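Computed from a predicted model, the values in this text were never measured in an experiment.
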Amino acid sequence: MKKYYIGIDLGGTFIKGGVVDSDGNILVCDKTPTESELGGGKVASNIATLAERLLQTSGVSKAQIVGIGVGSPGMIDSAKGEVVFSGNLQWTHFPIAKETEKRIGIPVKLANDANVAALGETKFGCGKAYNNTIFITLGTGVGGGIVIDGKLFEGNRSAGAELGHAVLMVGGEQCTCGRKGCFEAYASATALIRDTKRAMLADKGCKMWEIGGLEAVTGKTPFDYYDTDASAKSVVDRYITMLGAGITNLANEFRPEAIILGGGVCAQGDTLLKPLQEILDKELFAGEKGPQVKLLIATLGNNAGLLGAAALWM
């Protein structure tokens, strides 16, 4: 009998789910509102209802499902199947795995959403040729996950792999975590937008003002003007320098085969990837004497979390 899995990507607004086979093919996919404001029990019921609907649509029976994997935001205790804390969901010590399992009768595994995205990209995405990878998401913050020998590395009680909160500059930019100078405070899309606005305010004659004003700034703005505006070029060069430093730190600490980059900033492709690879190759410990680390751009997009959650059972 062929094996199937259900992957659940639990977000603050929507729950996305799919039935996945052992080759990483998504047979069906659907979503439903999270409704976390109605309590954890309601969310568990919504996951169970979505799973039932996915089974009905796919024609796969419960008996063919090995298990349900859930990727959730927040600090997770995977062993307990518990969301220790999530500001997005407004939960503290909520046993979502047990509560969902109780409602649908299929075993449930839980992990952090960034961690399962790392597993998804490694098992089924651009990292599938490798067993040791690091996945870095460049979004509102800097998140990610670590895969060692094909398995997630989660740290003590699943609270590790907070990749964005290693300090790059003591006493530097304020980070949302409370510390100053974190990787996230320099390499997130939020940081890129902040620095772009600062550059525009410092140079009222720069071409980036053509977009209309500070409120129109996105992470794409300085890249669009990189070749025609000195202030834009300065912002991008600084961003790549700081991102390169953080990536090299991770490469030296874990020496993965590949580091995968995800997030909207990665739409810049080789404009971002090529100089980052040059920094990494130059600054990697022992240089060419040791194993090299390849930089890759994530390919699964919004399906990374769903596929990674399903892969918790593989």
Is a donor on one side and an acceptor on the other found under 3.5 Å between the side chain of [X] and the backbone of [Y]?
{"X": "S158", "Y": "S78", "result": "yes"}
{"X": "N252", "Y": "F285", "result": "yes"}
{"X": "Q292", "Y": "G290", "result": "yes"}
{"X": "S58", "Y": "L55", "result": "yes"}
{"X": "N25", "Y": "L27", "result": "no"}
{"X": "Q64", "Y": "S61", "result": "yes"}
{"X": "T34", "Y": "G11", "result": "yes"}
{"X": "S234", "Y": "A230", "result": "no"}

| field | Co-membership, hydrophobic cluster, residues V19 and W313, 4.5 Å side-chain | value |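 No, it is not one cluster - the side chains of V19 and W313 are not joined through contacts under 4.5 Å.
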
| message | Count I, L, V, M, F, W, Y as connected when their side-chain heavy atoms are under 4.5 Å apart, and connections chain through other members. Are V70 and W91 then in the same cluster? | response |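 Same cluster: V70 reaches W91 through Ile, Leu, Val, Met, Phe, Trp or Tyr contacts under 4.5 Å.
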
Determine whether [X] and [Y] make a side-chain contact, defined as any pair of heavy atoms from C-beta on separated by less than 4.5 Å.
{"X": "K109", "Y": "I68", "result": "no"}
{"X": "I259", "Y": "F135", "result": "no"}
{"X": "L192", "Y": "F223", "result": "yes"}
{"X": "F183", "Y": "L243", "result": "yes"}
{"X": "E278", "Y": "D281", "result": "no"}

| request: Begin from the C-alpha positions of I134 and L163 and carry the test side chain to side chain contact (heavy atoms under 4.5 Å, CB included) through to its verdict. | output: CA-CA 9 Å; I134 294 175; L163 306 184; 3.7 Å; yes

Hey, are [X] and [Y] close enough for a salt bridge, meaning a charged N less than 4.0 Å from a carboxylate O?
{"X": "E184", "Y": "R194", "result": "no"}
{"X": "R238", "Y": "D195", "result": "no"}
{"X": "E52", "Y": "K62", "result": "yes"}
{"X": "R103", "Y": "E99", "result": "yes"}
{"X": "D224", "Y": "K220", "result": "yes"}

| query | Residues two or more places apart in sequence or in another chain: which of them pass salt bridge (Lys or Arg N to Asp or Glu O under 4.0 Å) with K204? | reply |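 If we apply the salt bridge (Lys or Arg N to Asp or Glu O under 4.0 Å) test to K204, skipping adjacent residues, there are no hits.
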
| field | For R53, all residues meeting salt bridge (Lys or Arg N to Asp or Glu O under 4.0 Å), sequence neighbours excluded | value |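 Listed in chain order: D30.
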
| request: Find the distance between CG (D9) and SG (C29) and round it off to the nearest 0.5 Å. | output: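 D9 CG to C29 SG: 9.5 Å, rounded to 0.5 Å.
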
| request: Would you check, one step at a time, whether the test side-chain hydrogen bond (donor to acceptor under 3.5 Å, both in side chains) holds for N46 with E35? | output: CA-CA 8 Å; N46 287 348; E35 299 182 307; 3.0 Å; yes

| said: side chain to side chain contact (heavy atoms under 4.5 Å, CB included) for N132 and D149? Distances and angles first, verdict last. | reply: CA-CA 6 Å; N132 298 280; D149 294 333; 3.5 Å; yes

| Between R179 and V167, does a side chain to side chain contact (heavy atoms under 4.5 Å, CB included) hold up when you go through it step by step? | CA-CA 8 Å; R179 301 178 81 193; V167 169; 3.4 Å; yes

| query | Among I8, V20, V116, which residue meets the side chain to side chain contact (heavy atoms under 4.5 Å, CB included) test with L306? | reply |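 Among the candidates, only V20 passes.
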
| request: Please confirm whether K31 makes a cation-pi placement over F14, using NZ or CZ under 6.0 Å from the six-membered ring centre and within 45° of the ring normal. | output: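 Yes; both conditions hold, so K31 lies above the ring face of F14.
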
| said: Show every side chain to side chain donor-acceptor pair (under 3.5 Å) that has at least one partner inside residues 294-308, sequence neighbours left out. | reply: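 Only K16-N303 qualify under side chain to side chain donor-acceptor pair (under 3.5 Å).
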
| task | Return the minimal non-hydrogen interatomic distance between D229 and S231, and the atom names on each side. | result |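 For D229 versus S231, the nearest heavy atoms are OD2-N, 3.0 Å.
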
| request: Search all heavy atoms of V84 against all heavy atoms of I76 and return the closest pair with its distance. | output: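 Scanning both residues, the minimum pair turns out to be CG2-C, 4.1 Å.
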
| said: With salt bridge (charged side-chain N to carboxylate O under 4.0 Å, His left out) as the criterion, how do D21 and K2 come out once you've worked through the C-alpha distance, each side chain's angles and the decisive distance to 0.1 Å? | reply: CA-CA 8 Å; D21 67 18; K2 193 168 185 178; 3.7 Å; yes

| message | Applying side-chain hydrogen bond (donor to acceptor under 3.5 Å, both in side chains) to T122 and T133, what does each step give before you reach the verdict? | response | CA-CA 7 Å; T122 302; T133 66; 2.6 Å; yes

| task | In sequence, state the C-alpha distance, the side-chain angles, and the governing distance for L261 and I247, and then conclude on side chain to side chain contact (heavy atoms under 4.5 Å, CB included). | result | CA-CA 10 Å; L261 302 179; I247 286 172; 3.9 Å; yes

